[in-house]
> 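Below is the structure I would like to discuss, written out as structure tokens.
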Amino acid sequence: MTQLSDSPVRYGLVSRILHWGMAALFAAQFLSAAAHWGLPRENALRDTLWSYHTTLGFTLFLLVMVRGAWGLANIARRPTHAGAMARAATIGHVAIYGLMVLVPFSRILASGGGTRGLRYLGFQIFPAREAEIAWTQVLAEWHGQMGWTLALLALGHIGMALIWHRLVRRDDVLATMAGR
Ligand code: HEM
Ligand code: HEM
């Protein structure tokens with residue numbers, strides 16, 4: 001029977017759906033950021049890819065809260081890391097989690113204290129203010145840099161999973177998340 005919770009042998013169904021679903025959504029989010037960065041203004045493809053950035057970013061913020069809570073609830077029975085790379089893997093995952101929270105939070109906070117407000121799926125999350133609250137804008141100045149750092153960490157993470165674990169070490173780490 002399919003197990004919902006994590007076990008020392010593999011991640012459960014909930015963790016796997018969250019991991020792979022969010023990986024796909026992050027790919028779409030980095031694509032929209034790349035279009036914003038690399039394509040000229042007034043470009044139809046840039047407009048299309050950028051049009052979902054806030055909505056998808058807010059969705060990812062909600063999902064990372066769920067994933068973090070589920071991860072904490074399962075922490076005692078999750079697959080553990082062994083060997084010399086164990087500490088590096090844990091530090092890497094914690095860094096990815098930290099940025100998965102901070103990157104969207106920085107812009108959500110800025111919207112909360114900003115003059116344009118924030119709408120999400122038709123709901124007014126924050127109203128537009130008459131005057132900006134200065135301190136809420138500080139972290140957002142680093143939103144782009146933190147976002148690109150997260151993209152680099154994710155690339156390194158994928159490299160570790162596919163090249164180091166699958167091809168070099170030939171261990172079971174990929175299988176714990178792939179589910180087979
Ligand atoms: C995990 C979610 C998110 C990721 C990975 C992400 C990533 C990025 C990246 C890499 C850039 C830089 C693009 C460039 O260099 O031109 C960027 C820009 C931007 N993002 Fe996000 N973002 C996320 C969530 C959000 C949310 C929730 C909002 C709004 C509430 C938002 C609003 C913006 C805006 C307005 C910019 C352009 C100004 C700037 O660079 O700060 N993002 N995002
Ligand atoms: C092709 C893409 C990807 C592959 C092959 C992959 C593979 C894996 C594997 C094998 C694990 C288990 C590692 C372990 O327990 O030591 C894992 C965990 C993890 N992955 Fe990925 N991953 C991918 C994409 C991503 C992306 C895009 C992110 C986030 C931006 C991400 C974030 C995480 C995190 C935070 C964990 C720790 C476990 C958790 O709490 O979910 N992964 N990944």
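Atoms within each ligand, like the ligands themselves, are counted from 1 in listed order.
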> For ligand 2, which atoms sit closer than 4.0 Å to a heavy atom of Tyr97?
35 (C), 39 (C), 40 (O), 41 (O)

> Within the 3.5 Å criterion, strictly below it, is a donor on Thr59 or Tyr120 matched to an acceptor on the partner's side chain?
yes

> Are Ile96 and Met85 connected in a single hydrophobic cluster, I mean Ile/Leu/Val/Met/Phe/Trp/Tyr linked by side-chain heavy atoms less than 4.5 Å apart?
no

> Among His157, Met100, Met85, which one has a heavy atom closest to atom 25 (C) of ligand 2?
His157

> How many angstroms lie between CZ in Phe26 and NE2 in His19, if you round to the nearest 0.5 Å?
10.5 Å

> Check ligand 2 against Ala161 and write out every atom of the ligand that is under 4.0 Å from a heavy-atom position of the residue.
7 (C)

> Mind checking whether Leu60 and Met22 have side chains closer than 4.5 Å, heavy atoms only?
yes

> Just checking, any donor-acceptor pair under 3.5 angstrom between side chains of Ser15 and Trp70?
yes

> Who's the nearest protein heavy-atom neighbour of atom 2 (C) of ligand 2, and how far?
Ile158 CG1, 3.4 Å

> Tell me the protein heavy atom at minimum distance from atom 24 (C) of ligand 1, and give that distance in Å.
Gln29 NE2, 3.4 Å

> Identify whether the distance between the nearest side-chain nitrogen and carboxylate oxygen of Asp6 and Arg78 falls below 4.0 Å.
yes

> If two hydrophobic side chains count as joined below 4.5 Å and joins carry through other members, does Leu139 share a cluster with Tyr97?
yes

> Of the non-hydrogen atoms in Ala140 and Ser106, which two are nearest, and what is the gap between them?
CB-O, 3.7 Å

> Would you say Leu155 and Met160 are hydrophobically clustered, going by side-chain heavy atoms of ILVMFWY under 4.5 Å?
no

> At a non-hydrogen distance cut-off of under 4.0 Å, which region of Arg78 contacts ligand 2 (side chain, backbone, both, or neither)?
side chain

> What is the closest protein heavy atom to atom 26 (C) of ligand 2, and at what distance does it sit?
Ala23 CB, 4.2 Å

> Nearest to atom 11 (C) of ligand 2, what protein heavy atom do you find, and at what distance?
Met177 CB, 3.8 Å

> Could you tell me, atom by atom, which parts of ligand 1 come under 4.0 Å of a heavy atom of Val103?
3 (C), 4 (C), 5 (C), 6 (C)

> Begin from the C-alpha positions of Met100 and Phe61 and carry the test side chain to side chain contact (heavy atoms under 4.5 Å, CB included) through to its verdict.
CA-CA 7 Å; Met100 286 198 298; Phe61 181 69; over 6 Å; no

> Taking the non-hydrogen atoms of Trp50, is any one of them nearer than 4.0 angstrom to ligand 1?
yes

> Atom 39 (C) of ligand 1: which protein heavy atom is closest, and how many Å away?
Arg107 NH2, 3.7 Å

> Has ligand 1 got any nitrogen or oxygen that is less than 3.5 angstrom from a nitrogen or oxygen of Thr54?
no

> Are His165 and ligand 2 in contact, using a heavy-atom cut-off of under 4.0 Å?
no

> If hydrophobic clusters are built by linking Ile, Leu, Val, Met, Phe, Trp and Tyr wherever their side-chain heavy atoms come under 4.5 Å apart, do Leu18 and Met65 end up in the same one?
yes

> Among all protein heavy atoms in this structure, tell me which lies nearest to atom 30 (C) of ligand 2, with the distance rounded to 0.1 Å.
Phe26 CD1, 3.9 Å

> Taking the minimum heavy-atom distance to atom 33 (C) of ligand 1, which of His53, Arg119, Glu141, Met146 ranks first?
His53

> Is it the side chain (CB and beyond), the backbone, both or neither of Val173 that lies under 4.0 Å from ligand 2, heavy atoms counted?
both

> Answer with yes or no whether Phe61 contacts ligand 1, where contact means a heavy atom under 4.0 Å from a ligand atom.
no

> Out of all atoms in ligand 1, which are within 4.0 Å of some heavy atom of Phe30? Include the element for each.
5 (C)

> Gln124 side chain to Phe126 main-chain N or O, any donor-acceptor pair under 3.5 Å?
yes

> If hydrogens are left out, which of Ala33, Ala110, Ala35 has an atom nearest to atom 13 (C) of ligand 1, that is, the closest non-hydrogen atom?
Ala33

> Starting from atom 12 (C) of ligand 2, which protein heavy atom do you reach first, and at what distance in Å?
Tyr11 CE1, 3.7 Å

> Just to confirm my output: which protein heavy-atom neighbour is closest to atom 15 (O) of ligand 1, and how far is it?
Trp148 NE1, 3.1 Å

> Side chain, backbone, both or neither: which applies to Phe58 and ligand 1 if a contact is any heavy-atom pair less than 4.0 Å apart?
backbone

> Kindly compute the distance separating CZ (Arg169) from CH2 (Trp164), expressed to the nearest 0.5 Å.
6.0 Å

> Could you give me the CA-CA distance, side-chain angles and deciding distance for Leu13 and Arg16, then say whether side chain to side chain contact (heavy atoms under 4.5 Å, CB included) is met?
CA-CA 5 Å; Leu13 186 65; Arg16 296 201 310 269; 3.8 Å; yes

> Looking only at distances, can you tell me whether any N or O atom of His36, backbone or side chain, sits closer than 3.5 Å to an N or O atom of ligand 1?
yes

> Relative to the heavy atoms of Gly144, which atoms of ligand 1 are at a distance of less than 4.0 Å?
10 (C), 11 (C), 12 (C)

> What's the shortest distance from atom 5 (C) of ligand 2 to any protein heavy atom, and which residue and atom give it?
Trp20 CH2, 3.6 Å

> Does Val64 belong to the same Ile/Leu/Val/Met/Phe/Trp/Tyr cluster as Ile17, with side-chain heavy atoms less than 4.5 Å apart forming each link?
yes

> Measure the distance from atom 34 (C) of ligand 2 to every protein heavy atom, then report the residue, atom name and distance (to 0.1 Å) of the closest one.
Arg67 NH2, 3.2 Å

> What pair of heavy atoms forms the shortest contact from Asn43 to Leu45, and how long is it?
OD1-N, 2.9 Å

> State whether the shortest distance between N or O atoms of His19 and N or O atoms of ligand 2 falls below 3.5 angstrom.
yes

> For residues Arg46 and His36, determine if any side-chain heavy atom of one lies less than 4.5 Å from a side-chain heavy atom of the other.
yes

> Which residue holds the protein heavy atom closest to atom 16 (O) of ligand 2, what is that atom called, and what is the gap in Å?
His81 NE2, 2.6 Å

> What is the name of the N/O/S atom of His143 that is nearest to atom 21 (Fe) of ligand 1?
NE2

